[in-house]
Chemist: 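What follows is a structure written as structure tokens; I'll ask about it next.
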Number of protein chains: 2
Amino acid sequence: MRKISDSTVRRLSVYLRFLEQAKSPTISSGELARLGGTTSAQVRKDLSFFGSFGKRGLGYAVPELTRRIRDILGLERGYRVVLVGAGRMGGALVQYHGFRQRGFHITAIYDQDARKIGSRWNGLVVRDVKHLESDLKKDPSDIAIVATPAESAQQVVDRLVRSGVKAILNFAPVPLNVPPDVEVKTVNMALELETLSYSLANR
Amino acid sequence: MRKISDSTVRRLSVYLRFLEQAKSPTISSGELARLGGTTSAQVRKDLSFFGSFGKRGLGYAVPELTRRIRDILGLERGYRVVLVGAGRMGGALVQYHGFRQRGFHITAIYDQDARKIGSRWNGLVVRDVKHLESDLKKDPSDIAIVATPAESAQQVVDRLVRSGVKAILNFAPVPLNVPPDVEVKTVNMALELETLSYSLANR
DNA sequence: TCCGCATTGTGAACTATTTCACAATTGGCG
DNA sequence: CGCCAATTGTGAAATAGTTCACAATGCGGA
Ligand SMILES: NC(=O)c1ccc[n+]([C@@H]2O[C@H](COP(=O)([O-])OP(=O)(O)OC[C@H]3O[C@@H](n4cnc5c(N)ncnc54)[C@H](O)[C@@H]3O)[C@@H](O)[C@H]2O)c1
Ligand SMILES: NC(=O)c1ccc[n+]([C@@H]2O[C@H](COP(=O)([O-])OP(=O)(O)OC[C@H]3O[C@@H](n4cnc5c(N)ncnc54)[C@H](O)[C@@H]3O)[C@@H](O)[C@H]2O)c1
């Protein structure tokens, strides 16, 4: 498959959100663009990398385009997701319905702290992180969320990678080293605030 | 000032993190690149937009470069930050020390829910969001964090903008409309998971 | 059936970002 | 003091991403 830019994939995800909320049976690239904060040419170009899904003069059939984008993004299958780090961020994430709605199911939670192990979180019992490898051997997951302190993040990631996890959403504010067949996205909120600071400082 | 790309600003923020942890008195572009996951040419180009801070043959003096980048990013001043939405995400954010460490001080928390108003969070009393405008008139803030449900996010943002807030970190998974002099960064975690899904589906 | 309008799909042009490559320095050492 | 090794700063080249512009439809109505 031709190399698709990250920005295109992110926009597809944005379009998908609006398609799922659309009430009319068809939608034009212009309308999707307006909703998603881009241009109609961009919408059409993004889609054109994957095929031609529209009808000239009419636009796109909402149900079909929705299905196509879900398919492109690999959302038709569901994902089992394990969470490591049952702290404040982990707690917010576990209760967040937005993930489940989109097919990402948190199926296990791990922590190191004896006070947390055994407690019940949103129907799941927090397990000792020492069982991470053996649990993943029995019930593999493709995706893991890392919400441990920065100091332990790399070590946790190494264990996840050894256990066959192929994609990691990382909340610790450190870049992580992984082999090339593993994908990592780091959400770094302090960094986002710093870009806001930059824009305040330079106007 | 010449237009600087978002990716350059984000990398500066990453370099800054490593500079703050560096133990040697000087550092080369190659070393910063290795730590930050980029190339030495990229590091030098990023810095060159703002001046020339290094010594040929030697590298960069850590304390000076640290100061320069903090200055470029506008981090030398501190920021007052208001948080709207005292839910699970808001709770995690209020307790997060990473923001304060970098000069972002949450100074007020607002919610709509009578059960939350008046409760004490990390030393701050949650206030009724109806006081938002009057409070901001007395004590202006440049930055706000929005952690309300998606449905109320735009409405909250409109009120923040009218009260003079110039930068917003948004956790609701919706694009927000703001005037051109206001900067918004949206952190969309479900979207990050979807890009991971895409990479799993296409290998 | 045929016309006119709306809108797609897509090369080509343009703009932005990254990488290359090398002259210019700096400091250390013989 | 002069040479060597290291490393910066930066134009120029290469790559990547966005916007333009228009021919190619498809549909609804006369
Ligand atoms: N709280 C926030 O709003 C926020 C914001 C941005 C980033 N973060 C980042 O997210 C991460 C988690 O933050 P938090 O506020 O939830 O911290 P926290 O201290 O509340 O939670 C971290 C949890 O990880 C557990 N842990 C530590 N080492 C572990 C290991 N090796 N294996 C398994 N579990 C382990 C701890 O026992 C704790 O329960 C941190 O890296 C933080 O920098 C948090
Ligand atoms: N919890 C997570 O892990 C998570 C992850 C990703 C995104 N988000 C997003 O972050 C936002 C907050 O999520 P949450 O899980 O904390 O939700 P939550 O329901 O726990 O909290 C939302 C809070 O906002 C308050 N609120 C509602 N309308 C308001 C208004 N007009 N003014 C002031 N306060 C108002 C509610 O009373 C509630 O306390 C949502 O948009 C959600 O999609 C959350």
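Just so it is clear: chains get the letters A, B, ... in the order the sequence lines come, proteins before strands, and each one is counted from 1.
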Chemist: Decide yes or no for A/Q154 and A/V174: does some side-chain heavy atom of the first lie under 4.5 Å from some side-chain heavy atom of the second?
Modeler: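 When only atoms from C-beta onward are counted, A/V174 and A/Q154 do not touch, as no gap falls below 4.5 Å.
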
Chemist: Quickly work out the B/L58 CG to C/dT25 P distance and round it to whole Å.
Modeler: 16 Å

Chemist: When you match A/T8 and B/R56 each to their closest nucleotide on DNA chain D, which lands nearer the 5' end?
Modeler: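 Its nucleotide being nearer the 5' end, the pick is B/R56.
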
Chemist: Taking CZ from A/R44 and C1' from C/dA12, how many angstroms apart are they, rounded to a whole number?
Modeler: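 Distance check: A/R44 CZ to C/dA12 C1' gives 15 Å.
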
Chemist: Run A/R34 and A/E31 through salt bridge (charged side-chain N to carboxylate O under 4.0 Å, His left out) and show every step you take.
Modeler: CA-CA 5 Å; A/R34 194 181 56 73; A/E31 179 67 0; 2.8 Å; yes

Chemist: Which heavy atom of A/S29 sits nearest a heavy atom of A/S40, and at what distance?
Modeler: OG-CB, 3.6 Å

Chemist: Going 5' to 3' along DNA chain D, between which two nucleotides do contacts with chain A fall, using a heavy-atom cut-off of 4.0 Å?
Modeler: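 Taking any atom under 4.0 Å from a heavy atom of chain A, the span is D/dG17 to D/dC27.
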
Chemist: Measure CD/A/E31 against P/C/dT8 and give the value in whole Å, please.
Modeler: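 Interatomic distance, CD of A/E31 to P of C/dT8: 11 Å.
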
Chemist: In whole Å, what is the span from the CZ atom of B/R10 to the P atom of C/dT18?
Modeler: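 That distance rounds to 12 Å.
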
Chemist: Can you sort out the partners of B/L136 under side-chain contact (heavy atoms from CB on, under 4.5 Å), two or more places apart, ordered by chain and number?
Modeler: B/V82, B/L132, B/S141, B/L160, B/S163, B/V165

Chemist: Looking at B/I69, B/L73, B/L75, which one forms a side-chain contact (heavy atoms from CB on, under 4.5 Å) with B/S13?
Modeler: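 Of the listed residues B/I69, B/L73, B/L75, the side-chain contact (heavy atoms from CB on, under 4.5 Å) partner of B/S13 is B/L73.
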
Chemist: Answer with yes or no whether the side chains of A/E192 and A/N188 bring together a donor and an acceptor at under 3.5 Å.
Modeler: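 A/N188 vs A/E192: no donor-acceptor pair found between side chains.
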
Chemist: Between A/A41 and B/K55, which has a closest nucleotide on DNA chain D that is more 5'?
Modeler: B/K55

Chemist: Would you kindly give the NZ-to-C1' distance between B/K45 and C/dA16, to the nearest whole Å?
Modeler: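 So the two atoms are 12 Å apart, to the nearest Å.
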
Chemist: Report yes if at least one side-chain N or O of B/S7 is closer than 4.0 Å to OP1 or OP2 of C/dT18; otherwise report no.
Modeler: yes

